[in-house]
Amino acid sequence: MSTRVRWAPSPTGTLHVGGAHTALFNLLFARSTGGKFVLRFEDTDRARSTEASARAICDGLRWLGLQWDEGVEVGGPYGPYRQTERLPHYQAAAGRLQASGAAYECFCTPEELETRREQARQEGRPPKYDGRCRDLSDAQRSTLRAQGRTPALRLRLPPPEPLVVHDLIYGDVEFDTAELDDFVIVKSDGLPAYNFGVVVDDVHMAMTHIIRGDEHLSNTPKQILLYRALGYDLPIFAHVPMILGPDRHKLSKRHGATSVDEFRDRGFLPEALVNYLALLGWSAPDGREILSFNEIVQAFRLERVSKSAAVYDEDKMTWMNAQHLRLLAPADLCARAATWLDAADLPWRQADPAWLGAVVEAVRERVRTLADLPDAIHYFFQPPAALDPDGVRRHMRDGTPALLAMAADRLESLTAFSAEAAEVAYRALAEERGVKPADIIHPTRLVLTGRTVGPSLFLVVQLLGRDETCRRLRAASLPAA
RNA sequence: GCCGGUAUCGUCUAGAGGCCUAGGACGCCGCCCUCUCACGGCGGUAACCCGGGUUCGAAUCCCGGUACCGGUACCA
């Protein structure tokens with residue numbers, strides 16, 4: 001039987017790196033086992049679920065290249081894929097449970113429950129539901145209903161027993177159902193509570209493996225009880241470690257970029273983010289780190305997933321992005337950076353493709369994100385607006401303008417203009433004038449690019465072309481105004 | 001509080017009783033390359049949470065403690 005897994009977020013925000021991480025592990029498992037990856041929305045929290053968020057999550061997933069085979073927006077044989085559209089399924093299951101006595105109506109209000117819980121805590125008792133609606137008579141229920149109360153449905157827990165969860169990653173984890181209470185499975189608004197909705201859907205959608213964040217490990221006993229009450233076979237559970245911020249707390253806004261959108265907007269490559277996320281809680285057997293999606297799929301085994309939470313590190317993420325940037329063809333690099341290039345008003349679309357490719361090639365090892373690209377190639381399109389003051393102080397001496405003018409003369413008299421020819425000419429000029437090559441090279445870079453750092457000077461000269469190079473050299477050799 | 005989980009360099013991790021004088025990667029430092037920066041190469045910095053066992057031998061197994069995370073909601 002082929003595997004089926006799912007990622008089931010609640011659409012209450014943007015796509016978070018934590019969510020992307022578990023979605024990725026599900027996809028990786030599906031792809032590496034030839035199974036299906038399903039996307040379902042658990043939107044039963046009416047107050048917090050939004051359509052905008054649902055769209056944002058889908059867009060984020062697609063941007064990352066984490067395409068789902070079945071589910072929201074794409075459909076499939078087990079739809080609909082939003083819980084709010086699956087009410088009949090929950091009602092049917094709830095009805096069965098109620099009919100068999102495995103579930104019962106509870107008329108306590110959330111406020112009453114909270115009050116009792118608080119009291120229990122103060123008295124040092126475990127804050128569990130006291131079961132007061134467990135054995136209500138029909139008459140009592142009618143009375144409560146007449147008072148305008150609408151009941152929630154609770155699962156009637158079987159007698160306490162030890163219960164072990166078999167987890168592919170954590171191994172056998174023992175719980176005692178005595179720690180549990182009769183929990184709500186259908187809320188008074190008629191929507192399923194989390195544990196109930198998940199079980200009904202996972203069974204109906206034929207999930208073979210449940211791969212989710214380890215914050216759900218403690219919920220698993222409740223779900224197992226539900227599987228049993230409903231007479232369903234258990235799927236295989238695998239809980240993956242969660243991702244924490246640098247302060248070891250759950251990732252949040254104050255940790256910098258944590259929503260996938262932010263990474264996109266800051267010029268990160270989706271394949272780099274995917275690669276980085278894959279390495280949080282998993283590692284390739286051969287220790288390689290820079291991997292394509294397909295390579296990860298090839299090497300991926302749930303058995304190699306670690307048990308401990310991982311702290312997200314932006315430095316390594318940035319390094320990884322730079323690594324992936326170097327793997328891109330020049331034209332791809334430009335296409336990916338289009339947004340930033342256009343925003344910087346660079347006429348890159350009109351440029352000769354071969355030339356543009358060479359320009360990009362010259363700077364690619366000097367940029368870490370797509371957002372760095374415009375600034376890195378700006379001076380190839382127009383003269384620098386200003387010269388780096390520090391560079392001026394260090395490289396411009398009294399005789400420098402004259403040297404630059406001579407350099408321009410030499411370049412103009414070259415029969416064949418190239419990086420190599422320019423370098424020969426420069427070194428000859430330096431020797432003749434009795435100065436170090438660097439004394440001409442550095443000022444040249446400064447007036448050509450406005451800065452003191454960048455690609456090999458002679459490559460810059462070649463890419464700029466003889467005319468433009470000499471124009472900038474001469475402009476700079478003019479007596480200062 | 002109770003229940004569950006986790007614990008190797010600052011961070012991500014390798015490690016499943018002797019191969020560990022604990023390996024790799026990011027970061028940081030130094031050197032080399034060199035027209036600068038970056039890349040790259042080389043070298044360095046830095047860890048088995050603590051305490052008890054078990055064993056000839058423990059980062060690896062067991063127990064206790066501690067820390068952190070999660071659950072304990074009509075949130076998911």
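So that the names make sense, note that chain A is the first sequence line, chain B the second, and so on, each numbered from 1.
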Touch class at under 4.0 angstrom, heavy-atom based, for A:E42 against every strand present: sugar-phosphate

Sugar-phosphate only, base, or nothing, as touched by A:D45 at under 4.0 Å among non-hydrogen atoms: sugar-phosphate

Minimum-distance nucleotide to A:D313 side chain [options: B:C12, B:C35, B:U11]: B:U11

Among B:A76, B:C74, B:U13, the one nearest A:V184 by side-chain distance: B:C74

Side chain of A:A310 - closest among B:G4, B:C35, B:U13: B:U13

Proximity to the side chain of A:D315 - top-ranked nucleotide from B:U13, B:U36, B:G27: B:G27

Touch class at under 4.0 angstrom, heavy-atom based, for A:G213 against every strand present: nothing

Distance, rounded to the nearest Å, where A:R368 contributes CZ and B:C26 contributes P: 10 Å

Whole-Å gap separating P (B:A38) and CG (A:L459): 18 Å

Separation between the C1' atoms of B:C49 and B:C9, rounded to whole Å: 14 Å

Nearest-neighbour nucleotide for the A:K316 side chain, B:G4, B:U36, B:C12 considered: B:C12

Side-chain donor/acceptor contact of A:R248 with base of B:C68 under 3.5 Å: no

Sugar-phosphate only, base, or nothing, as touched by A:P455 at under 4.0 Å among non-hydrogen atoms: base

Protein-nucleotide distance (A:L163, atom CG; B:G4, atom P), rounded to Å: 13 Å

NZ/NE/NH1/NH2 to OD/OE distance under 4.0 Å, A:D189 and A:R46: no

A:L448 CG - B:C37 P separation (whole Å): 18 Å

Pair A:R116 + A:E123, salt bridge at N-O below 4.0 Å: no

Aromatic ring pairing A:F237/A:H239, orientation class (parallel under 30°, perpendicular over 60°, tilted between): parallel

Sugar-phosphate only, base, or nothing, as touched by A:L279 at under 4.0 Å among non-hydrogen atoms: sugar-phosphate

Closest to the A:M242 side chain, choosing from B:G70, B:G71, B:C12: B:G70

Length of the line joining A:D214:CG and B:G4:C1', which is rounded to integer Å: 10 Å

Touch class at under 4.0 angstrom, heavy-atom based, for A:E174 against every strand present: sugar-phosphate

A:Y194 and A:H216, any side-chain heavy atoms less than 4.5 Å apart: yes

Integer-rounded Å distance: B:G10 C1' and A:M317 CE: 20 Å

Closest to side chain of A:H442, choosing from B:C35, B:G15, B:C12: B:C35

Side-chain donor-acceptor contact under 3.5 Å, A:N321 with A:T369: no

Lys/Arg-Asp/Glu bridge criterion (N-O < 4.0 Å) met for A:E112, A:R149: yes

Salt bridge present between A:R451 and A:D375 (N-O < 4.0 angstrom): yes

Sugar-phosphate only, base, or nothing, as touched by A:G454 at under 4.0 Å among non-hydrogen atoms: base

Between P of B:U6 and CG of A:L244, the distance in whole Å: 15 Å

Any donor-acceptor N/O pair under 3.5 Å between B:C74 base and A:S188 side chain: yes

Distance, rounded to the nearest Å, where A:D388 contributes CG and B:C37 contributes P: 13 Å

Closest listed nucleotide, where the reference is the side chain of A:F175 and the choices are B:A76, B:G71, B:C3: B:C3

B:U11 to B:U21 separation - C1' atoms, rounded to the nearest Å: 24 Å

Sugar-phosphate only, base, or nothing, as touched by A:S308 at under 4.0 Å among non-hydrogen atoms: sugar-phosphate

Closest nucleotide among B:G4, B:G15, B:G70 to the A:R304 side chain: B:G15

Closest listed nucleotide, where the reference is the side chain of A:P127 and the choices are B:U6, B:G1, B:C74: B:G1

Sugar-phosphate, base or nothing in reach of A:R154, heavy atoms under 4.0 Å: sugar-phosphate

